Number of protein chains: 2
Amino acid sequence: MNECPIEITLNIISGKWKFLIIKELIDGPKRFSQLNRSIKGINQRMLTKQLRELEREGIIERKVYPQIPPKVEYSLTDLGEKLHPVLLTLHQWGVEYIKSKGVDTSYKECETKLQFTQKV
Amino acid sequence: MNECPIEITLNIISGKWKFLIIKELIDGPKRFSQLNRSIKGINQRMLTKQLRELEREGIIERKVYPQIPPKVEYSLTDLGEKLHPVLLTLHQWGVEYIKSKGVDTSYKECETKLQFTQKV
DNA sequence: CAGAATCCTCAAGGATACTG
DNA sequence: CAGTATCCTTGAGGATTCTG
């Protein structure tokens with residue numbers, strides 16, 4: 001406690017996956033299996049764990065459709081949507097970094113994705 | 001490789017300490033011992049390790065003053081300075097989070113610190 | 001003062017199998 | 001489909017000691 005807001009944010013959105021999950025959900029609600037497919041390298045256990053934690057922090061919402069086979073949709077809450085500027089600046093710096101290293105062209109698809117949903 | 005810029009950024013500025021170190025250096029160059037004191041909870045080994053990694057990525061610069069006792073100053077490079085917007089959005093979201101939880105008042109000092117150096 | 005060198009712990013993360 | 005339940009590994013991070 002008595003931490004600065006930056007620390008608070010970092011403690012909440014820590015780990016390898018949370019920001020990537022949030023990035024996926026910026027495009028709109030997605031199902032568990034969709035997330036599992038679009039986030040490369042994650043496995044079911046990790047995805048479940050991270051989703052639960054994000055839910056507990058009030059960043060995402062979990063909506064269960066009572067049907068068989070089950071359908072569960074995850075979406076950003078208002079608080080979660082407010083992470084958009086963070087994603088944008090992280091993205092922009094990533095581009096700067098790539099430029100500064102002289103490497104390029106390898107990030108096209110993610111960039112466009114974020115541009116489309118740019119609200120600010 | 002072929003990662004999106006967000007992933008690239010997160011991979012580079014990962015771990016528990018890097019953002020906090022960068023935050024300290026936004027106020028201007030600082031000595032090793034200063035950083036060691038102002039970053040609560042870090043120890044020498046970790047500080048050294050993180051500084052080396054940040055240096056290797058071109059985010060900070062290390063300046064040695066050849067004297068006894070030794071003096072070493074760390075500062076942000078241009079690339080490092082460009083992380084300012086990220087720090088700001090992380091900070092802003094932290095404040096939002098605190099508001100949404102109804103907790104407050106415990107972050108005053110860090111906030112002012114960042115306002116002073118706000119360049120954007 | 002600014003570190004290098006060791007040693008150690010634990011928890012984040014991963015692999016796999018099973019289920020309503 | 002959307003998860004649990006186990007078991008396991010690795011390395012991030014920590015504590016301590018020594019030094020030019």
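Letters A, B, ... are given to chains in the order of the sequence lines, protein chains preceding strands, and every chain is numbered from 1. This one's a predicted model, so the numbers in the text were calculated from it and none came from an experiment. Atom set for the values below is all heavy atoms of this structure, side chains included, hydrogens, waters and symmetry mates excluded.
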Mind checking side chain to side chain donor-acceptor pair (under 3.5 Å) for B:Asn11 and listing every partner two or more places apart, or none if nothing turns up?
B:Glu3

Per-helix bend value, the helix from C:dC1-D:dG20 to C:dG20-D:dC1, C1' rotation axes over five pairs per end, 10° rounding, shows 60°

Contact under 4.0 Å: B:Ser33 side-chain N or O vs C:dA2 OP1/OP2:
yes

Does any part of the side chain of A:Ile21, heavy atoms only, come nearer than 4.5 Å to the side chain of A:Leu47, both counted from C-beta?
yes

Residues of residues 11-19 of chain A with a heavy atom under 4.0 Å from any atom of DNA chain D, listed by number, are none

Could you list the donor-acceptor pairs under 3.5 angstrom formed between side-chain atoms of residues 55-71 of chain B and any protein atom two or more places apart in sequence or on another chain?
from, atom 1, to, atom 2, distance (Å)
B:Glu57, OE1, A:Tyr97, OH, 2.5
B:Arg62, NE, B:Tyr74, OH, 3.2
B:Tyr65, OH, B:Glu73, OE1, 3.2

Salt bridge (charged side-chain N to carboxylate O under 4.0 Å, His left out): pairs with one or both residues in residues 82-93 of chain A, sequence neighbours excluded
A:Lys82-B:Glu96

B:Asp78 atom CG, over 12 foreign heavy atoms within 6.0 Å:
no

Going 5' to 3' along DNA chain D, which nucleotides are the first and last within contact of chain B (any atom under 4.0 Å from a heavy atom)?
D:dG13 to D:dG20

Residues from residues 50-67 of chain A sitting under 4.0 Å of DNA chain D, heavy atoms only?
A:Arg52, A:Arg62

Report, one pair per line, the protein and nucleotides 15-20 of chain C atoms (nitrogen or oxygen only) whose separation is under 3.5 Å.
from, atom 1, to, atom 2, distance (Å)
C:dA15, N6, A:Arg45, NE, 3.4

Which residue pairs pass the salt bridge (charged side-chain N to carboxylate O under 4.0 Å, His left out) test with at least one member in residues 41-52 of chain B, sequence neighbours excluded?
B:Lys49-B:Glu53

Validation row: A:Leu25, A:Leu35 side chains within 4.5 angstrom (heavy atoms)
yes

